Every structure is written in structure tokens, then in C-alpha cells.
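Following: one structure in C-alpha cells, then a few remarks.
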Amino acid sequence: MDSSGLYRTITDSARSAPGWAQSVFEVWTEYGLLLFGLLFIAVWWRARGQAAPRAVALAVAAPLATALAYVASELVKSAVDEERPCRAVVGAAAPLLACPAPGDWSFPSNHSAIAGAAAVALALAVRRLALAAVPLAVLMAFSRVFVGVHYPHDVLAGLLLGGALAALAVPALTGPISTMTAAMRASGGRAAVWFTGPGPARRP
């Protein structure tokens, strides 16, 4: 797939954008994934207060599925060996961020795979979070092209890979983790009960 033309269009727009807009995208693309991490923590903390072990299981499965998506994207990167557009596309505007080192391949985008997986996993854990998580994932993917370090097809593939893996992994992990959660609650161990929440039997 050749999306170098669209890459040029987006990076040209990035270079002509106001300085504040460039700064916002630079910060978002570097640190935006931390917001997904905070959402994971918030969903887990909320799940601890619910009686059903499934709520905790979904909250725990979400970051695990996201980690799986990252590993998968790294494996694909190693197999494809696509050069970064900031080195390969002739006549493109200079990237807003430093071009990653040679050997740090472009396809698919790790950031996009992580964001896509996180968005789907969070939506499966708390359905209404899809309204925030999905647009944030798309914005993360777009930002990787905007700052000049990925082709559009890199980020699209990353989103699809991450989202698909999360859609498969979260349901597969939820059953076993639910069983473990119930066992940990029943054990009465302080650390176990703190992690999973007390469950219905221990509520006043």
C-alpha cells in the first residue's frame, strides 16, 4: 500500500499549522498513551466496588489485551521492515519530531495498535467509555502521521490490529480471570481482597 501522497498532504499541513497546534500534537503523540493507562486504573478501581467478579476480570483483561497487541505489532514490524516515511518519502515536509533511528521500523504503528486495543478493551469493560476512548485512539493514530513519523496505512493497520486483538483477547481472558477473582475474594487474604475488592460476602 502506498499512502505517501496522503502523508505529504498531512505533513505539509502540520508544518503550516499554528505553533500551538503543533505543540498540542507533539505532546499528545508523546504522552497521550498515559491517559489510557489512567483510564485502566480508574476502571479497575471502579470494578473493585462491584459484586460481580466479571467486572474486575474485564478491568484486568483490558491492559493485558493491550500488552498483547503491542507484542503483536512488534512482531509484525520485525517481519515487514518498512522504512519510516520521514526518511523514505522524497519531497515531504520535515517531521515535527525527530525521525526514529534506522531499524525502528514503521509498519504497523505501535502507538496506534496500543491505542486501538486500549479503546476496544475499555469499551468492553465499561461500554460508555467507547464515546471517549475511540476518538482518543483515532486522534493518537492521526497524530503519528501529523508529526511525520508514520504513513497513514501504518496507523490504520495499527488501529485494526490492536482493536481486533483486544476484541478477541478480552472475552477469552475474562472467564479465567473471573474464576481467579472469585477465588482471591474467597481466600480472605488482605492483598488479594484489596486487589479484587471485597465482593458481596464481605460487604456490611
Side-chain angles (χ1 to χ4, degrees), residues 1-41 62-122 132-169:
M1 181 183 297
D2 182 8
S3 59
S4 56
L6 182 55
Y7 171 81
R8 288 192 192 91
T9 299
I10 294 173
T11 52
D12 284 348
S13 298
R15 271 295 166 189
S16 61
W20 65 265
Q22 294 178 353
S23 297
V24 166
F25 274 100
E26 289 169 12
V27 171
W28 173 249
T29 204
E30 292 280 12
Y31 303 108
L33 291 179
L34 295 176
L35 180 56
F36 289 103
L38 293 175
L39 288 173
F40 285 145
I41 293 171
L64 293 178
T66 303
L68 177 63
Y70 168 73
V71 172
S73 69
E74 276 293 305
L75 292 174
V76 176
K77 253 184 201 292
S78 300
V80 175
D81 292 357
E82 178 189 74
E83 187 57 272
R84 294 277 180 165
C86 38
R87 269 189 295 276
V89 178
V90 177
L96 297 182
L97 296 182
C99 197
D104 185 348
W105 306 114
S106 192
F107 181 91
S109 162
N110 289 143
H111 281 69
S112 300
I114 292 169
V120 170
L122 287 166
V134 172
L136 287 174
V138 173
L139 183 61
M140 174 55 69
F142 177 76
S143 75
R144 303 305 289 166
V145 183
F146 188 88
V147 300
V149 297
H150 277 291
Y151 290 102
H153 66 263
D154 295 338
V155 301
L156 178 59
L159 285 174
L160 293 174
L161 175 65
L165 283 175
L168 294 172

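What you are looking at is a predicted structure, and each value in this text was computed from that prediction instead of being measured. Only this structure's heavy atoms are used, side chains among them; waters, hydrogens and symmetry mates stay out.
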Can you tell me how far the [atom1] atom of [X] sits from the [atom2] atom of [Y], to the nearest 0.5 Å?
X	Y	atom1	atom2	value
Leu159	Ser109	CG	OG	7.5 Å
Cys86	Leu97	SG	CG	9.5 Å
Leu96	Thr29	CG	OG1	9.5 Å
Leu68	Leu168	CG	CG	9.5 Å

Using every non-hydrogen atom in the two residues, find where [X] and [Y] come nearest and quote the distance to one decimal.
X	Y	value
His111	Leu33	CD2-CD1, 3.7 Å
Ala62	Phe40	CB-CE2, 3.6 Å
Ser3	Pro152	OG-CD, 3.3 Å
Phe107	His153	CD1-CD2, 3.7 Å
His150	Asp154	ND1-OD2, 3.3 Å
Gly148	Thr11	CA-CG2, 3.8 Å

Would you please name every residue forming a salt bridge (Lys or Arg N to Asp or Glu O under 4.0 Å) with Arg15, sequence neighbours left out?
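Arg15 satisfies salt bridge (Lys or Arg N to Asp or Glu O under 4.0 Å) with no other residue.
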
Just so I know, are the side chains of [X] and [Y] near enough to count as touching, which here means a heavy-atom distance under 4.5 Å?
X	Y	answer
Phe36	Leu122	yes
Ser23	Trp20	no
Ser106	Pro100	no
Trp28	Leu139	yes
Arg144	Met140	yes

Gln22 side chain to Ala14 backbone, donor-acceptor under 3.5 Å
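Yes.
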
Sub-3.5 Å donor-acceptor pair from the side chain of Arg8 to the main-chain atoms of Gly91, do we have one?
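No.
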
Parallel, tilted or perpendicular, as decided by the 30° and 60° cut-offs, for the rings of Phe25 and Phe142:
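Perpendicular.
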
Which is it for Trp105 and Val80 under the side-chain contact (heavy atoms from CB on, under 4.5 Å) test, yes or no, and what are the steps along the way?
CA-CA 8 Å; Trp105 306 114; Val80 175; over 6 Å; no

